[in-house]
Amino acid sequence: MIAHDIKRSFISKYQREPILVKAPGRINLIGEHTDYNMGVVLPASIEKGIYFAIQKNGSSSIHIETFLTDAEKIEFDLKGNPKPYQAFWGNYFKAILEIMVSKGYSLKGFDCVFGGDIPIGAGLSSSAALCCGFIFGLSEILGFSISREENALIAQEAEHKIGLNCGLMDQYAVLFGKRNNALFLDCRDLTHEFVPVNLKSYSWVLINSNIKHNLAVDSEYNKRRISCETVVSKVNTSIQPAASLRDVTQEHLEKIKMEVSPTDYKRAKYILEENERVLKMIAALKAGDTQEVGNLLLQGHWAMSQEFEITTPELDFLVKTGEKLNGVVGSRMMGGGFGGCTINLLKTDKVESCLSEIKSAYRKETNIECETYPLEIGDGVHVLD
């Protein structure tokens with residue numbers, strides 16, 4: 001198991017017993033682009049994760065390295081002699097350390113070896129796992145007693161510091177996840193509750209399209225944020241005060257329809273309906289209504305494709321192919337869009353045959369090999385025994 005290999009690697013390098021922290025990746029069952037509109041989301045932490053073997057070293061030096069390769073190693077000196085590094089992931093650690101110093105935390109020297117089995121670039125939020133797990137480990141070995149809520153805020157600030165203007169959904173999913181449960185998160189007040197995901201005889205599978213986010217994703221992301229903000233502004237001036245699309249109703253939207261562009265109207269409408277899909281998904285999961293869960297996945301996908309316009313032809317093909325197979329109950333693109341994965345609900349006894357057909361059809365259509373990952377919903381960040 002990779003976790004224990006990382007621990008053994010630490011002991012071999014530093015001759016001390018570390019603590020071992022697991023930070024999971026996350027999926028999002030439904031609720032895309034609703035987070036920055038102060039809406040509702042339904043993520044879950046998964047069994048794949050990033051592991052940190054970490055312990056104090058009694059000096060002013062900080063050593064952090066990846067498992068399996070000594071080439072990717074960064075060092076910091078608390079006395080102020082920074083050393084250059086090449087690894088991009090070093091920016092996350094540097095940002096976190098700087099933020100913690102600015103907040104008055106008294107850092108001490110430590111060693112850390114980390115690694116994991118989250119597929120990078122597959123939309124499973126490896127960066128949130130990296131940040132939240134590291135902060136959790138530091139809090140444990142240095143006795144900071146950082147709450148999970150503060151951990152999320154520090155991790156978010158670190159992402160912003162290196163240029164990723166994210167919300168808090170990923171961090172909350174990574175930190176507060178619970179085995180066999182999704183996390184219903186209200187992004188306006190950050191209240192959350194657990195929703196059991198117990199669909200017997202059915203399995204969740206991720207299919208990676210292997211299409212990278214190779215468009216101007218930041219630009220497209222910003223265009224969609226601007227569309228949403230434009231509608232909010234129009235409601236503010238024409239109807240009533242509104243801080244976000246969370247304060248806008250379908251009735252409000254219809255009243256200003258002729259005062260905004262068709263694109264802005266369409267995108268705002270998607271957000272309002274996506275929030276409703278999240279609530280309907282919760283009801284379906286609680287009722288064990290597998291067919292409704294599948295229907296909502298498909299509705300969400302085609303709304304992202306045709307209304308919010310964030311899918312790709314390849315992702316649409318994966319979903320369309322699954323729709324023709326009686327073992328696939330439903331699927332949709334997951335994540336910010338313009339590449340990445342679909343999340344799929346399949347009959348367990350049809351998983352192998354359905355995935356074989358999807359892979360074959362996808363290869364024939366695109367000349368690309370897609371990858372599949374069975375998903376198991378696990379616990380949030382925690383110390384391993």
Side-chain angles (χ1 to χ4, degrees), residues 25-46 88 92 118-132 152 155-156 158-160 162-174 182-183 185 187 206-229 244-245 263 266-268 270-275 277-278 281 297 299-316 318-319 331-344 370-371 373 375:
R26 71 100 188 95
I27 55 168
N28 190 23
L29 295 182
I30 200 157
E32 301 297 357
H33 287 260
T34 52
D35 56 346
Y36 58 80
N37 287 292
M38 298 300 106
V40 290
V41 291
L42 195 65
S45 53
I46 62 174
F88 177 74
Y92 289 101
I118 301 176
I120 304 300
L124 298 179
S125 203
S126 55
S127 65
L130 188 76
C131 293
C132 294
Q156 181 192 41
E159 297 255 25
H160 289 181
I162 64 172
L164 301 170
N165 191 23
C166 62
L168 278 165
M169 178 185 78
D170 294 350
Q171 291 80 7
Y172 264 68
V174 167
L183 183 78
L185 175 66
C187 296
L206 200 70
I207 302 179
N208 188 352
S209 69
N210 277 321
I211 298 296
K212 304 302 179 187
H213 298 230
N214 55 2
L215 300 176
V217 175
D218 290 340
S219 170
E220 292 298 324
Y221 174 87
N222 287 337
K223 287 177 185 176
R224 280 147 187 80
R225 287 195 73 141
I226 291 167
S227 283
C228 297
E229 289 161 4
S244 70
L245 280 179
T263 296
K266 184 170 61 174
R267 289 177 179 166
Y270 162 80
I271 296 296
L272 300 190
E273 292 178 347
E274 184 75 346
N275 280 326
R277 278 188 286 271
V278 172
M281 179 67 82
L297 292 173
Q299 288 171 24
H301 179 83
W302 293 116
M304 286 188 286
S305 174
Q306 295 157 17
E307 296 171 16
F308 218 60
E309 300 173 297
I310 55 173
T311 67
T312 66
E314 294 85 1
L315 289 162
D316 287 349
L318 284 172
V319 172
S331 60
R332 70 173 191 87
M333 184 206 80
M334 186 185 74
F338 311 106
C341 295
T342 61
I343 182 169
N344 306 264
C370 62
E371 297 169 331
Y373 310 103
L375 293 178

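The basis for the numbers below is simple: all heavy atoms, side chains too, and nothing from hydrogens, waters or symmetry mates.
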Worksheet item: Rounded to the nearest 0.5 Å, what separation is found between the CD atom of Glu32 and the CD1 atom of Ile271?
Response: 9.5 Å
Discussion item. Check whether Arg332 reaches the backbone of Leu29 with its side chain - one donor and one acceptor, N or O, closer than 3.5 Å.
Written reply: yes
Worksheet entry | Non-hydrogen atoms of Asn28 and Pro43 that approach each other most closely | OD1-N, 3.3 Å
Discussion item. Quick check: do Asn208 and Cys341 have side-chain heavy atoms less than 4.5 Å from each other?
Written reply: yes
Worksheet item: Quick one: which of Val319, Ile343, Thr342 gives a side-chain contact (heavy atoms from CB on, under 4.5 Å) with Ile207?
Response: Thr342
Item to complete: State, to 0.1 Å, how close Gln171 and Ala155 come at their nearest heavy-atom pair, and which atoms those are.
Response: CG-CB, 3.8 Å
Worksheet item: Heavy atoms, side chains only, cut-off 4.5 Å: are Leu297 and Met334 in contact?
Response: no
Practice prompt. Measure the CZ-OG distance between Phe88 and Ser127 for me, rounded to the nearest 0.5 Å.
Written response: 8.5 Å
Worksheet item: Could you state the interatomic distance from CG (Leu185) to CG (Leu168), rounded to the nearest 0.5 Å?
Response: 8.0 Å
Practice prompt. Check whether any side-chain heavy atom of Thr312 lies under 4.5 Å from a side-chain heavy atom of Met333, and answer yes or no.
Written response: no
Discussion item. Looking at every heavy atom in both Val41 and Cys187, which two are closest together, and how far apart are they?
Written reply: CG2-SG, 3.9 Å
Worksheet item: To the nearest 0.5 Å, how far apart are CZ in Arg267 and CG in Asn37?
Response: 12.5 Å
Worksheet item: Does any non-hydrogen side-chain atom of Leu318 lie less than 4.5 Å from one of Ser331?
Response: no
Worksheet item: Within a strict 4.5 Å, meaning less than it, do heavy atoms of the Met169 and Arg26 side chains meet?
Response: yes
Worksheet item: If every non-hydrogen atom of Ala128 is compared with every non-hydrogen atom of Asp170, which pair is closest and at what distance?
Response: CB-CB, 3.7 Å
Worksheet item: How many angstroms lie between atom NE2 of His301 and atom CD of Gln306, to the nearest 0.5 angstrom?
Response: 8.5 Å
Discussion item. Quick check: closest heavy atoms across Ala303 and Arg277, and the distance to 0.1 Å?
Written reply: CB-NH2, 3.4 Å
Worksheet item: Got a second to check how far Gln156's CD is from Cys132's SG, nearest 0.5 Å?
Response: 10.0 Å
Item to complete: Taking the side chain as every heavy atom from C-beta outward, state whether Trp302 and Glu307 have any atom pair closer than 4.5 Å.
Response: no
Discussion item. If we ignore hydrogens and angles and just use 3.5 Å, is the side chain of Arg224 paired with the main-chain N or O of Phe308 as donor and acceptor?
Written reply: yes
Worksheet entry | Heavy-atom closest pair, residues Gly339 and Ser209 | C-OG, 4.4 Å
Worksheet item: So, does Thr34 use its side chain to make a donor-acceptor pair with the main chain of Val40 at under 3.5 Å?
Response: yes
